[in-house]
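One structure is given here, and the rest of the page talks about it.
Note that this is a predicted model, so its numbers are computed, not measured. Counting from 1, the numbers follow the sequence of the chain as shown.
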Amino acid sequence: MQLSLPGEPARISTSAEETVTDSDKARIPGRLSVTSTGTDGIHVLSVAGEIDHDTVQPLRQALELSCLGSPPRVVIDMRQVTFMDSAGINLLITTRRATSGRHGWLRLAAVPDSVMHTLRIVELDTIIDCHPTLRDALHP
């Protein structure tokens with residue numbers, strides 16, 4: 001955006017459109033999107049945005065065991081996750097316990113370095129399988 005200097009005629013111009021597209025929504029702070037798909041009895045949740053106390057609810061709803069079949073087999077594709085705090089960590093721990101208690105499993109795929117750093121600090125990567133790609137998580 002360009003503004004005029006004092007003494008010049010007023011003018012405002014923009015160099016790019018300022019509309020928010022669906023692909024931009026995940027980059028807006030405080031937004032979290034979750035898309036659910038399935039393949040071979042495995043639920044794949046593609047998550048984009050920040051996972052924190054204020055945004056975790058859509059992911060929590062997607063991880064309801066009643067929706068995941070029996071045994072529950074879940075892969076969370078995290079390649080578009082930009083941040084995760086203790087709310088996300090607690091949800092992953094709870095989900096891991098619940099899925100394994102029903103003879104299922106939870107796997108994470110394509111975890112960004114910044115989020116993986118957090119998982120390593122709390123040693124969550126030692127109890128939840130983390131795979132470099134979605135394909136690896138689906139076919140270990």
Side-chain angles (χ1 to χ4, degrees):
M1 179 183 285
Q2 181 182 20
L3 299 174
S4 59
L5 297 172
E8 290 184 352
R11 65 176 196 240
I12 299 176
S13 64
T14 59
S15 59
E17 287 186 31
E18 294 183 2
T19 58
V20 176
T21 65
D22 286 342
S23 63
D24 292 331
K25 287 180 183 176
R27 291 187 282 269
I28 298 171
R31 299 247 359 185
L32 182 70
S33 68
V34 178
T35 304
S36 179
T37 58
T39 180
D40 296 325
I42 301 171
H43 291 273
V44 178
L45 303 177
S46 299
V47 182
E50 297 179 357
I51 304 172
D52 62 29
H53 175 75
D54 295 324
T55 64
V56 74
Q57 193 58 31
L59 183 55
R60 181 176 285 120
Q61 289 173 340
L63 289 169
E64 286 291 324
L65 285 183
S66 61
C67 302
L68 299 178
S70 186
R73 298 184 300 163
V74 182
V75 174
I76 302 176
D77 181 354
M78 298 185 67
R79 81 182 105 192
Q80 294 183 59
V81 173
T82 57
F83 172 81
M84 186 169 63
D85 72 1
S86 61
I89 291 166
N90 289 330
L91 178 59
L92 292 178
I93 291 169
T94 300
T95 301
R96 197 282 185 182
R97 284 181 184 153
T99 55
S100 64
R102 293 183 58 196
H103 307 290
W105 44 257
L106 170 67
R107 298 177 184 154
L108 304 180
V111 181
D113 290 341
S114 60
V115 177
M116 183 57 87
H117 179 73
T118 301
L119 297 180
R120 285 185 180 127
I121 288 172
V122 298
E123 297 183 354
L124 196 56
D125 63 320
T126 64
I127 62 168
I128 297 177
D129 291 332
C130 298
H131 298 268
T133 67
L134 179 57
R135 178 175 288 209
D136 291 335
L138 291 171
H139 307 286

Checklist outcome for this item: When rounded to the nearest 0.5 Å, the distance separating CG of Leu124 from CE of Met116 is 9.5 Å
Checklist outcome for this item: Distance col, row Ser86:OG vs Leu92:CG, nearest 0.5 angstrom, shows 11.5 Å
What is the minimum heavy-atom distance between [X] and [Y], and which atoms define it?
X     : Y      : answer
Asp52 : Phe83  : CB-CE2, 4.1 Å
Arg79 : Pro112 : O-CG, 3.8 Å
Leu32 : Glu50  : CD1-O, 3.5 Å
Met84 : Thr118 : O-CG2, 4.1 Å
Val34 : Ala62  : CG1-CB, 3.8 Å

Next on the checklist: Testing Thr39, Leu106, Leu45, Ile42 one by one against Val75 for a side-chain contact (heavy atoms from CB on, under 4.5 Å), which residue passes?
Outcome noted: Ile42
Checklist entry - For the side-chain contact (heavy atoms from CB on, under 4.5 Å) test, which of Thr99, Thr95, Leu108 pairs with Ile128? => result Leu108
Checklist entry - In terms of hydrophobic clusters joined by side-chain contacts under 4.5 Å, are Leu91 and Val47 together? => result yes
Next on the checklist: Tell me whether Leu65 shares a hydrophobic cluster with Trp105, the cluster being built from Ile, Leu, Val, Met, Phe, Trp, Tyr side chains joined at under 4.5 Å.
Outcome noted: no
Checklist outcome for this item: Those residues at least two apart in sequence (or on a different chain) that pass side-chain hydrogen bond (donor to acceptor under 3.5 Å, both in side chains) with Thr94 are none
Next on the checklist: Using the side-chain hydrogen bond (donor to acceptor under 3.5 Å, both in side chains) criterion, which residues pair with Gln57? Sequence neighbours excluded.
Outcome noted: Arg60
Item to check | Residue pairs fulfilling salt bridge (Lys or Arg N to Asp or Glu O under 4.0 Å) with at least one residue in residues 89-117, sequence neighbours excluded | outcome: none
Anything under 3.5 Å between a donor and an acceptor, one on a side chain of residues 132-140, the other on a protein residue two or more places apart or in another chain? List them.
{"unit_1": "Thr133", "atom_1": "OG1", "unit_2": "Asp136", "atom_2": "N", "d": "3.0"}
{"unit_1": "Thr133", "atom_1": "OG1", "unit_2": "Asp136", "atom_2": "OD2", "d": "3.0"}

Next on the checklist: My understanding is that only residues two or more places apart in sequence, or in another chain, count here; which of them pass side chain to side chain contact (heavy atoms under 4.5 Å, CB included) with Ser46?
Outcome noted: Thr35, Val44, Asp77
Next on the checklist: Pair Met78, Ile51 - check side chain to side chain contact (heavy atoms under 4.5 Å, CB included), show working.
Outcome noted: CA-CA 10 Å; Met78 298 185 67; Ile51 304 172; 4.3 Å; yes
